[in-house]
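Below is one structure, written out as structure tokens; the observations come after it.
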Amino acid sequence: MRAVKEVVENADSRLETPAAPRRSRADLWAGLTYLVLALLVMSRLWRDPNGRVLANNDDDHGVFLFMLAHGERVLFHGDNPFFSDRLNVPDGVNMMANTSVLALSLPMAPVTHWFGPGVSVALLLTLGLAGTAFAWYWVLSRHLVTSRVAAWIGGLWCGFAPTMVSHANGHVNFVSQWVLPFIVWQVLRLREPGRRWRGGVILGLLIVVQVFINEESLLFTALALGVFVVAYALMAPARARSEARPLLAGLGVAAGLSAALLAYPLWYQFFAPGNYHGQPFAPDDYATDLASLVGFARQSLAGNAELTRQMSVSSTEDNMFFGPVGFLMVVASVVVLWRSVAARALAVSALVLLVASMGPRLVVFGHQTGFPLPFGLISHVPIIDLVSVTRFAMVPATIAGLLLALATDRMRTVSPRGRRWWQVGLVLALVPLFPKPLPVVEGTPLPPLFTQGTWRQYVTDDRSLVTVPLPEVTTGRAGMRWAALNHLEHRSPRGYFMGPVNPPVDDTGSWNAPRRFTSDLLWQVQAYGVRPRLTGADRERITADLVHWRAAVVVLVPGSRNEGPLLDTLTTALGPPRQVGGVQLWDVRSLPVPPQE
């Protein structure tokens, strides 16, 4: 902390110098370069944000279309921010138990209302990348380094490292990390005398904002800071003891304020209907591969998708992938900064979270070695069991950027030859990691049934519009996307969200609504193209499910996989369809409507 404090004091003393206009220009250029790079990454989506979807993760892209549409309904229709009855009819969705990004969706509600949720998603992904980079640049340039170039490199890495570009494939929550740098800095400043109340209140408010962006990132940050503080205390016990009291006092103020403001939202998340516990997968299903430390992500300039797939669980989870030179530069940064206790504590924090991200057993190039790792001891601890394990690696990825910035700043004091070698290393590390534009595909367009408002003739607000394929985690994407693009004006059964697998018997987390006969039947027809022979009992069960879903109409999505078998199955069950608004439609308004619970 002494090294950090000296840098901070020097930086503060420079704020009043005549060089301020030059710093302002540097800040402007930094922000512009980050924004241009973010626009490049998202350029293909920007060509038609409401008509295109991100090819590598159209599922989560659809989820955040829904989240942004929910924010619009909260602001323009007075809906409950913590619950939505527009999806998963009749049970609805606990929005606090999902990543509802209310701190983003509510301010973006006017954009969503007037331009559509696709524009809001594209804008948030773009601003998330650029904003995260600039936030780290700001904290670095004001408090931790003397060189604007070093701060720019740190911000560049923190905002556009492979893990961030990877999560830009639809994860609005994970690319919007612009609050976290200020949380980190406020925690570190709490050790200063006289900042208990002011610093604690600021930190508490920042925590509240971050909870409504992404709790998972907040948890990672808290764990990283906890490890940092413990490591620092072990390395510099005398200084740690002197700073412990103001730090703990400030943390107490922040905890008290944030707990008071978040008491009801968190109660709703963990105890209101729709809450769940655990994840629908084992911890070792999504773990960081050791080989990914020196590999290249699929969206990096030097990346190869086929090779990356062997080291990564999905295109949105390329959470390390520094490349060989990038990894060596991060290690070299630790060596350069070794005399700094704060830098060593940072390195320890990165190492601990990296090991945690590898899950209960070591995986190397896609193969589980059976070598046990410490995470197996805590994998079932509450809260930890809600985390996708590989995402712990986002912390060391960010710390790598901070270490690079600090080391680059330190290298200004070495010989010209040493600086040249360092600059060459940075170029060789950063150029292969330069991000490529994210791939997109055309989404299923909204049919005239919605664009012309024809659906209003059939569906009242107490009933639902059932799209087939039914909205599920990996199928029925069009129906959920249609609902979001229609501003959630009609209600839909099922959907892709997090909820209990089979309440109240089993509250384990699931990406789907509880199974029903009709959902299983239609899934099999779509997946395998079978044409089942329906019995009278089968038709009765289908009817019962439609009644449960409060269905007014059933709509077949044009161009769906195995559309023919789906059409035949629905015709056998419900009779011949009508051609209405560009779709095949079955009018089932004659079915009874169950009373609202």
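All values reported here derive from a predicted model rather than from experimental measurement.
The shortest non-hydrogen separation linking Phe64 to Thr99 is CE2-O, 3.8 Å. For the residue pair Asp289 and Val363, the shortest heavy atom distance occurs at OD1-O, 3.4 Å. Nearest heavy atom pair, residue Val441 against residue Ala55, reads CG1-CB, 3.7 Å. Across all non-hydrogen atoms, the minimal contact from Ala224 to Val395 is CB-CG1, 3.5 Å. When all heavy atoms of Ala429 and Gly326 are compared, the pair lying nearest together is CB-CA, 3.6 Å. Closest of all the heavy-atom pairs between Phe296 and Leu433 is CD2-CD2, 3.8 Å.
Although no hydrogens or angles enter the test, the distance criterion places no donor-acceptor pair under 3.5 Å between the side chain of Tyr276 and the main chain of Met498. Put simply, the side chain of Glu216 gets close to the backbone of Ser388: a donor and an acceptor are under 3.5 Å apart. At least one donor-acceptor pair closer than 3.5 Å links the side chain of Ser315 to the backbone N or O of Asn56. Side chain of Thr408 to main chain of Leu404: a donor-acceptor pair is present (N/O by atom type, distance under 3.5 Å, no hydrogens or angles). When atom types are taken as modelled, the side chain of Arg494 and the backbone of Pro471 share no donor-acceptor pair closer than 3.5 angstrom. The backbone N or O of Leu247 sits nowhere less than 3.5 Å from a side-chain atom of Arg191 that would complete a donor-acceptor pair. Side chain of Ser100 to main chain of Met96: no donor-acceptor pair is present (N/O by atom type, distance under 3.5 Å, no hydrogens or angles). Ser176 places a side-chain N or O within 3.5 Å of a backbone atom of Val172 that can act as its donor or acceptor partner. Between the side chain of Ser258 and the backbone N or O of Val208 there is no donor-acceptor pair closer than 3.5 Å. Side-chain N or O atoms of Ser357 include one that pairs as donor or acceptor with a backbone N or O of Leu354 at under 3.5 Å.
Considering Ser292, Ser312, Ser300 in turn, Ser312 is the only one that fulfils the side-chain hydrogen bond (donor to acceptor under 3.5 Å, both in side chains) rule with Asp318. Screening Thr474, Asn512, Asp60 against Tyr496 for a side-chain hydrogen bond (donor to acceptor under 3.5 Å, both in side chains) leaves a single residue, Asp60. Tested against Phe322 for a side-chain contact (heavy atoms from CB on, under 4.5 Å), the candidates Val330, Val294, Leu293 yield a single pass: Val330.
The aromatic rings of Phe82 and Tyr264 sit tilted relative to each other, their planes meeting at an angle between 30° and 60°.
At least one side-chain heavy atom of Leu403 sits under 4.5 Å from a side-chain heavy atom of Leu337. Asn275 is not listed as a side-chain neighbour of Gln269, based on a closest heavy-atom distance of 4.5 Å or more. Trp157 has its side chain out of reach of Leu426: every pair of non-hydrogen atoms, C-beta onward, lies at least 4.5 Å apart. Using a 4.5 Å heavy-atom threshold, the side chains of Leu45 and Thr126 count as separate. By the 4.5 Å heavy-atom criterion applied to side chains, Phe174 and Asn214 are counted as neighbours. Residues Leu102 and His70 are in side-chain contact: their nearest non-hydrogen atoms beyond the backbone lie under 4.5 Å apart. The side-chain heavy atoms of Asn94 and Phe497, taken from C-beta on, include no pair separated by under 4.5 Å. Counting heavy atoms from C-beta on, the side chains of Leu156 and Leu37 come closer than 4.5 Å.
In this structure, CG in Asn57 is found 7.0 Å from OG in Ser314, a value given to the nearest 0.5 Å. Taken from OG1 in Thr221 to CD in Gln210, the straight-line distance is 6.5 Å, to the nearest 0.5 Å. Once rounded to the nearest 0.5 Å, the distance linking CG of Leu203 with CG of Leu251 reads 6.5 Å. Distance CE/Met164 to CD/Gln299: 14.5 Å, rounded to 0.5 Å. With values rounded to the nearest 0.5 angstrom, Met394 atom CE is found 4.5 Å from Gln177 atom CD. With rounding to the nearest 0.5 Å, the separation of OG in Ser333 from CG in Leu346 is 11.0 Å.
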(request) Decide yes or no on side-chain contact (heavy atoms from CB on, under 4.5 Å) for Lys436 and Arg298, but give the supporting numbers first. (result) CA-CA 9 Å; Lys436 297 181 288 190; Arg298 65 200 82 197; over 6 Å; no
(request) Start with the C-alpha distance between Trp338 and Val335, add both sets of side-chain angles, then the distance that settles side-chain contact (heavy atoms from CB on, under 4.5 Å), and finish with yes or no. (result) CA-CA 5 Å; Trp338 191 252; Val335 175; 5.7 Å; no
(message) Between Thr475 and Leu522, does the side-chain contact (heavy atoms from CB on, under 4.5 Å) criterion hold? Intermediate values first, please.
(response) CA-CA 11 Å; Thr475 60; Leu522 293 177; over 6 Å; no
(request) Determine, step by step, whether Tyr34 and Trp136 satisfy the ring pair (Phe, Tyr, Trp, His ring centres under 6.0 Å) criterion, reporting the C-alpha distance in whole Å, the side-chain angles of both residues, the deciding distance to 0.1 Å, and the verdict. (result) CA-CA 11 Å; Tyr34 295 149; Trp136 279 114; over 10 Å; no
(request) Mind running side-chain contact (heavy atoms from CB on, under 4.5 Å) on Ser166 and Phe321 for me, showing each step along the way? (result) CA-CA 10 Å; Ser166 168; Phe321 295 95; over 6 Å; no
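His167 and Asn319 are linked by a side-chain donor-acceptor pair at a separation below 3.5 angstrom, with hydrogens and angles left out of the test. With hydrogens and angles left out, the side-chain atoms of Thr508 and Asp506 include a donor and acceptor closer than 3.5 Å.
Residue Phe182 places its CZ atom among more than 12 non-hydrogen atoms of other residues, nucleotides or ligands, all under 6.0 Å distant. Atom CZ of Phe371 is surrounded by 12 or fewer heavy atoms from other residues, nucleotides or ligands within 6.0 Å. Other residues, nucleotides and ligands contribute more than 12 heavy atoms inside 6.0 Å of the CH2 atom of Trp267.
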